[in-house]
Amino acid sequence: MKVRVLYFASLREKLGRDLEEVELAEGATVAGLLALLRARGGAWAEALAEGRPVRAARNQDMAKPGTPLAAGDEVAFFPPVTGG
Amino acid sequence: MKVRVLYFASLREKLGRDLEEVELAEGATVAGLLALLRARGGAWAEALAEGRPVRAARNQDMAKPGTPLAAGDEVAFFPPVTGG
Amino acid sequence: MKILVGSADFDAGAEIRALARASRGVGAVASFVGLVRDANEGDTVGAMTLEHYPGMTEKSIAEIVGEAQNRWQIADATVIHRVGTLRPGDQIVLVVVASAHRGDAFEACEFIMDYLKTRAPFWKKEATGTGERWVEARASDDAAAARWDEDGQSDRKR
Amino acid sequence: MKILVGSADFDAGAEIRALARASRGVGAVASFVGLVRDANEGDTVGAMTLEHYPGMTEKSIAEIVGEAQNRWQIADATVIHRVGTLRPGDQIVLVVVASAHRGDAFEACEFIMDYLKTRAPFWKKEATGTGERWVEARASDDAAAARWDEDGQSDRKR
């Protein structure tokens, strides 16, 4: 299944990408997607390393590592927010 | 000694007066002035009766019954405030 | 510190802009506008008249703002309070507080309003269908002001 | 409820007036304006850029305002948050809350600001003399938002 992945702010800059489509196994979770991206190595392994403060959203709702994904989902990764 | 006495809001209306000069004995206090006014009877005895929520200020600072007065002081009596 | 007591209406936006420009270190401007409601304690209110004690009222407000300046980091503050006859929907009071940080701005603004309600010499008279009546002081206003007395701000969420 | 996220500046006074007229029962309008300061953590800041997540940001703000409406008696609320490049002194964010009573207006306004800081997807990048840097989330902002979680408002002075 395919999901749309978005990157914001410092993560977008470190990864040099704001948007892509990623092919995932059925039943994959946010954690599974992160592991797949991390496995690309380089900036991906570094910026998405475990323990880094990376937040995730699924279809514009905050998500947890265990949140399951479905085909066509919009998944976003970004650093902790600093608005206002 | 003479003091200037001001009345505000519901007290002013009940007493039918907003300003007067009152002759007091040297060393009189706010409580002494109140007793003297109360002794006038009628509306004065009623509006200034003990237990009534009457506030006092001396020279534009909140005063207590025991606050001593001096010649030329401005003393004000009024109900609890209801601003804002 | 700017303190105005009078019959003229005010422009909250202009006062906020002025304080926002008070210094470049200002990052937060909290403000409050109090308005005449059309009902109080069940009765429809047509108009109200605010009386004050010229001289003492301004002095009391300056003391309240001074107290807020002692308690919080404030760049500047503005208080405007109207007197005279006001109708439902009319603005009564404006408090604006500028600070580097939002916590100070919010708390100082709320503190000034709570103290204005209970310490500054203003008296309200309401005109209802059945005549005029002086508004009585409310226990909830005293309680709102008293919460700042107890022990500073220790039991207030920060 | 009015929620705007965009590059356009706002007029706090106009937004306050609009909410004051939301209903005749409105007696209190609390508001907050956040501004770009010229210094942060010691460095002089020349400009900042705010990025957001179009769609999710507006949705998050609507949820925050909805939560405030559940917790307090609110007549209406307006939130405007700017994005793009802003300079020292520029307005960043406006929160206006109208209510019958001042306690509700103040608390809901502060609640919305605290949650905006920690829940809505906005990211700030500052330009300093030594280059650009992304602003990191502050523990004090998390703490400010967390105080509303514990047990409602029971340990907040009322």
Side-chain angles (χ1 to χ4, degrees), chain A residues 2-22 29-31 33-34 37 42-84, chain D residues 3 5 32-37 40-41 48-64 79-83 86 91-95 109-126 131-142 144-145:
Chain A
K2 277 201 164 76
V3 298
R4 234 167 94 87
V5 187
L6 310 180
Y7 308 96
F8 290 97
S10 55
L11 215 51
R12 174 177 51 71
E13 289 189 352
K14 283 180 195 154
L15 302 176
R17 189 169 299 182
D18 62 352
L19 173 67
E20 67 179 316
E21 288 229 316
V22 176
T29 60
V30 167
L33 170 57
L34 259 181
L37 297 171
W44 298 86
E46 195 189 313
L48 302 175
E50 298 210 38
R52 282 283 184 141
V54 173
R55 303 283 184 266
R58 173 181 168 266
N59 296 335
Q60 308 194 351
D61 276 321
M62 294 304 294
K64 297 189 169 169
T67 302
L69 301 177
D73 275 357
E74 175 177 298
V75 184
F77 293 108
F78 43 78
V81 308
T82 53
Chain D
I3 293 166
V5 179
F32 179 84
V33 175
L35 304 144
V36 182
R37 288 189 296 148
N40 192 20
E41 286 167 23
M48 63 157 39
T49 304
L50 270 152
E51 179 172 331
H52 76 303
Y53 180 171
M56 181 172 174
T57 302
E58 292 82 350
K59 185 169 163 292
S60 300
I61 298 174
E63 284 165 4
I64 291 165
V79 177
I80 302 179
H81 202 302
R82 297 177 71 190
V83 292
L86 301 173
Q91 303 188 115
I92 307 172
V93 60
L94 172 71
V95 177
C109 187
E110 196 169 2
F111 169 88
I112 291 170
M113 265 311 301
D114 285 346
Y115 270 56
L116 267 182
K117 282 272 190 185
T118 51
R119 300 277 180 94
F122 288 104
W123 302 275
K124 255 183 217 169
K125 188 188 216 175
E126 291 177 344
E132 291 190 321
R133 69 172 174 207
W134 288 96
V135 175
E136 294 200 4
R138 299 194 318 175
S140 64
D141 284 332
D142 285 336

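A note on names: the letters A, B, ... follow the listed sequences, proteins ahead of strands, and every chain is numbered from 1.
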Worksheet item: Which heavy atom of Pro121(D) sits nearest a heavy atom of Val81(A), and at what distance?
Response: CA-CG1, 3.7 Å
Worksheet entry | Greater than 12 external heavy atoms within 6.0 Å of Glu21(A)'s CD | yes
Response to the item:
Across all chains, not counting sequence neighbours, the side-chain contact (heavy atoms from CB on, under 4.5 Å) partners of Ala45(A) are none
Cross-chain donor-acceptor list, chain A and chain D, 3.5 Å limit, no angles:
residue  : atom : partner   : partner atom : Å
Ala9(A)  : N    : Glu51(D)  : OE2          : 2.8
Arg12(A) : NE   : Glu51(D)  : OE2          : 3.1
Arg12(A) : NH2  : Glu51(D)  : OE1          : 2.3
Arg12(A) : NH2  : Glu51(D)  : OE2          : 3.4
Glu13(A) : OE1  : Lys125(D) : NZ           : 3.3
Glu13(A) : OE1  : Trp134(D) : NE1          : 3.0
Glu13(A) : OE2  : Lys125(D) : NZ           : 2.3
Gln60(A) : O    : Lys59(D)  : NZ           : 3.0
Gln60(A) : OE1  : Met56(D)  : N            : 3.1
Asp61(A) : OD1  : Lys59(D)  : NZ           : 2.5
Glu74(A) : OE2  : Tyr53(D)  : OH           : 2.4
Pro79(A) : O    : Trp123(D) : NE1          : 2.8
Thr82(A) : N    : Phe122(D) : O            : 2.8
Thr82(A) : OG1  : Lys124(D) : N            : 3.0
Gly83(A) : O    : Lys117(D) : NZ           : 3.4
Gly84(A) : N    : His81(D)  : NE2          : 2.9
Gly84(A) : O    : Lys117(D) : NZ           : 3.2

